[in-house]
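Values below: every heavy atom of this structure, side chains too, minus hydrogens, waters and symmetry copies.
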Amino acid sequence: MKLIDGKLTAAQIRAELKERTAEFERKYLQKVGLAVVLIGSNPASQVYVRNKIKACEDAGIRSFAHYLPENVSQQEAVSLVRALAEDQNVHGILVQLPLPKHLNAEELLQEIPFEKDVDGFCAENIGKLALQEEGIVACTPLGVMELLKRYQIPVAGKRAVMLGRSNIVGRPMALLLLNADATVTVCHSKTQNLIEECARADVLVAAIGKAGFVTSEMVKEGAVVIDVGINRKEDGTLCGDVDFERVKEKAEYITPVPGGVGPMTIAMLLTNVVNAAERARK
Ligand code: NDP
């Protein structure tokens with residue numbers, strides 16, 4: 001078994017980005033900029049936003065944080081995003097989800113121009129991914145592909161099974177694997193013979209949000225197992241969707257939780273921002 005170290009890889013990527021942001025600043029006399037919009041006071045969202053702002057600083061990206069009160073109107077939120085869409089110093093816009101219930105998230109996200117949609121969530125960017133056109137890809141699946149690339153794990157021609165089909169992880173991940181010439185099966189809560197489907201995978205990616213769901217009987221000897229899940233155990237510690245201790249005995253490669261896909265997500269967000277800035281200047 002070989003461990004795929006997401007923490008180390010993410011640190012390497014962040015160091016590379018620091019050089020790119022410095023070069024951008026030298027060349028264009030402007031900093032790469034990310035606007036982060038946080039509405040309300042969801043404690044988890046506050047932590048995520050704080051971490052993203054800190055990661056931006058470390059990578060030489062200027063962040064513009066906008067905190068709106070819980071009771072902000074749709075119109076006020078839309079006005080802010082429209083202003084950020086026009087702002088030349090803002091190369092990426094991130095609206096932290098979930099939004100307070102009275103707001104229409106889809107309508108608000110549509111205000112982000114696709115070239116500044118650094119989460120890769122908008123219909124245009126998903127469409128580009130489906131059509132294999134250049135666009136911005138959602139950070140978590142992109143992080144998985146980057147791990148596979150940097151560990152030189154080939155997926156072309158391999159049988160890949162995506163466990164989960166959410167818009168932010170499963171679907172874009174399945175498209176990326178397909179675009180990389182894997183033979184892709186997508187499993188979800190209605191899938192029959194789930195164990196057999198997973199056990200055929202050369203590359204198994206789990207993103208369902210259920211602690212220890214993937215047992216060793218679901219994993220082929222020598223498979224590559226990527227665990228996207230983040231679950232909190234009763235004792236407060238984090239674990240993935242994979243029963244790591246048992247599955248690691250069968251897998252050739254495996255990602256741990258924490259320290260696997262998680263750190264890559266934020267590294268890919270920063271990558272998307274730097275790419276967006278460079279594209280905007282080209
Ligand atoms: P969602 O809840 O949006 O989607 C879960 C998916 O899993 C759905 O497609 C669902 O199927 C499927 N599923 C649920 N239960 C089963 C089951 N018993 N058998 C088969 N399929 C099942 O979750 P997300 O995609 O947003 O997140 C998944 C996990 O990844 C979570 O733990 C989340 O915390 C983590 N995550 C980690 C990130 C990171 O940076 N590492 C980033 C984003 C998420 P159906 O569609 O049929 O309901």
Side-chain angles (χ1 to χ4, degrees), residues 4 6 48 95 97-99 105-106 109-110 114 117-133 135-148 153 155-215 217-220 223-232 238-244 247 251 253-255 257 260-262 264-265 268-269 272:
I4 298 180
Y48 292 143
V95 175
L97 301 176
L99 296 184
E106 260 164 47
L109 294 179
Q110 272 171 22
F114 73 90
D117 166 38
V118 284
D119 266 332
F121 289 165
C122 76
E124 187 137 11
N125 278 320
I126 306 263
K128 284 176 184 292
L129 177 62
L131 295 172
Q132 299 191 74
E133 289 174 11
I136 305 181
V137 179
C139 304
T140 302
L142 191 62
V144 172
M145 294 310 286
E146 193 64 28
L147 282 176
L148 294 171
I153 299 169
V155 294
K158 303 281 179 187
R159 191 183 286 275
V161 172
M162 178 65 232
L163 188 47
R165 57 172 169 180
S166 71
N167 288 345
I168 62 166
V169 186
R171 276 165 211 266
M173 188 73 245
L175 284 168
L176 283 168
L177 289 164
L178 181 62
N179 291 352
D181 296 328
T183 301
V184 182
T185 301
V186 182
C187 297
H188 45 78
S189 67
K190 309 288 188 295
T191 298
Q192 294 180 355
N193 304 323
L194 186 76
I195 295 176
E196 291 81 355
E197 292 290 351
C198 292
R200 288 215 301 264
D202 300 311
V203 179
L204 177 62
V205 184
I208 60 171
K210 292 206 158 67
F213 183 89
V214 177
T215 56
E217 64 169 339
M218 295 166 77
V219 175
K220 187 165 94 175
V224 175
V225 180
I226 307 289
D227 192 353
V228 178
I230 301 179
N231 309 292
R232 200 167 283 281
L238 295 181
C239 71
D241 288 345
V242 175
D243 178 357
F244 181 84
V247 169
Y253 284 96
I254 188 166
T255 61
V257 177
V261 176
M264 291 299 287
T265 297
M268 288 301 113
L269 170 69
N272 281 348

Check your understanding: Take atom CD in Gln192; do more than 12 heavy atoms of anything else shown fall under 6.0 Å from it?
Key ->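 Open.
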
Give the minimum heavy-atom separation between [X] and [Y], together with the two atoms involved.
X: Leu97; Y: Ala105; result: CD2-CB, 4.4 Å
X: Asp117; Y: Cys122; result: OD2-N, 3.0 Å
X: Ala251; Y: Val225; result: CB-CG2, 3.9 Å
X: Met218; Y: Leu204; result: O-CD2, 4.0 Å
X: Asp227; Y: Val261; result: O-CG2, 3.5 Å
X: Ala180; Y: Met145; result: CB-CE, 3.8 Å

Exercise for review: Please step through side-chain contact (heavy atoms from CB on, under 4.5 Å) for the pair Phe244 and Ile254, ending with a clear verdict.
Suggested key: CA-CA 8 Å; Phe244 181 84; Ile254 188 166; 3.7 Å; yes

Exercise for review: Report the residues that fulfil side chain to side chain donor-acceptor pair (under 3.5 Å) with Thr140, sequence neighbours left out, ordered by chain and then residue number.
Suggested key: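 With sequence neighbours excluded, Thr140 shows a side chain to side chain donor-acceptor pair (under 3.5 Å) to Thr265, given in chain and number order.
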
Practice item. Using side chain to side chain donor-acceptor pair (under 3.5 Å) as the criterion, list what pairs up with Asn272, not counting sequence neighbours. Key: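 Here no residue qualifies.
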
Check your understanding: Taking only residues two or more places apart in sequence, or in another chain, which ones meet Asp119 in a salt bridge (Lys or Arg N to Asp or Glu O under 4.0 Å)?
Key ->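 Counting only residues at least two positions away or on another chain, Asp119 forms no salt bridge (Lys or Arg N to Asp or Glu O under 4.0 Å).
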
Exercise for review: List for me each residue that meets salt bridge (Lys or Arg N to Asp or Glu O under 4.0 Å) alongside Glu124, sequence neighbours excluded, and say none if there are none.
Suggested key: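 For Glu124 there are no salt bridge (Lys or Arg N to Asp or Glu O under 4.0 Å) partners, ignoring immediate neighbours.
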
Only pairs under 3.5 Å count here: list side-chain donor-acceptor contacts from residues 158-165, not counting sequence neighbours, and write none if there are none.
none

Practice item. I would like to know whether Leu109 and Glu106 meet side-chain contact (heavy atoms from CB on, under 4.5 Å); could you show each step before the answer? Key: CA-CA 5 Å; Leu109 294 179; Glu106 260 164 47; 5.9 Å; no

Distance from [X] atom [atom1] to [Y] atom [atom2], nearest 0.5 Å?
X: Leu177; Y: Ile226; atom1: CG; atom2: CD1; value: 9.5 Å
X: Gln132; Y: Leu175; atom1: CD; atom2: CG; value: 9.0 Å
X: Ile136; Y: Phe114; atom1: CD1; atom2: CZ; value: 8.5 Å
X: Tyr253; Y: Leu147; atom1: OH; atom2: CG; value: 12.0 Å
X: Cys139; Y: Leu269; atom1: SG; atom2: CG; value: 4.5 Å
X: Leu176; Y: Leu142; atom1: CG; atom2: CG; value: 6.5 Å

Point to revise | Within residues 178-197 or reaching into it, pairs that qualify as salt bridge (Lys or Arg N to Asp or Glu O under 4.0 Å) - sequence neighbours excluded | key: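 Counting only pairs at least two positions apart or across chains, the salt bridge (Lys or Arg N to Asp or Glu O under 4.0 Å) contacts touching residues 178-197 are Glu197-Arg200.
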
Keeping the roles fixed (side chain from [X], backbone from [Y]), state whether a donor-acceptor pair exists under 3.5 Å.
X: Ser166; Y: Val169; value: yes
X: Asp202; Y: Ala223; value: no
X: Asp241; Y: Gly209; value: yes

Practice item. Kindly indicate whether the side chain of Ile208, heavy atoms from C-beta on, has any atom under 4.5 Å from the side chain of Val214. Key: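 No, their side chains stay 4.5 Å or more apart.
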
Point to revise | side-chain contact (heavy atoms from CB on, under 4.5 Å) evaluation trace for Leu148 with Val155 | key: CA-CA 8 Å; Leu148 294 171; Val155 294; 3.8 Å; yes

Review point. Does the side-chain contact (heavy atoms from CB on, under 4.5 Å) test come out yes or no for Phe121 and Asn167, once each step is laid out?
Key: CA-CA 8 Å; Phe121 289 165; Asn167 288 345; over 6 Å; no

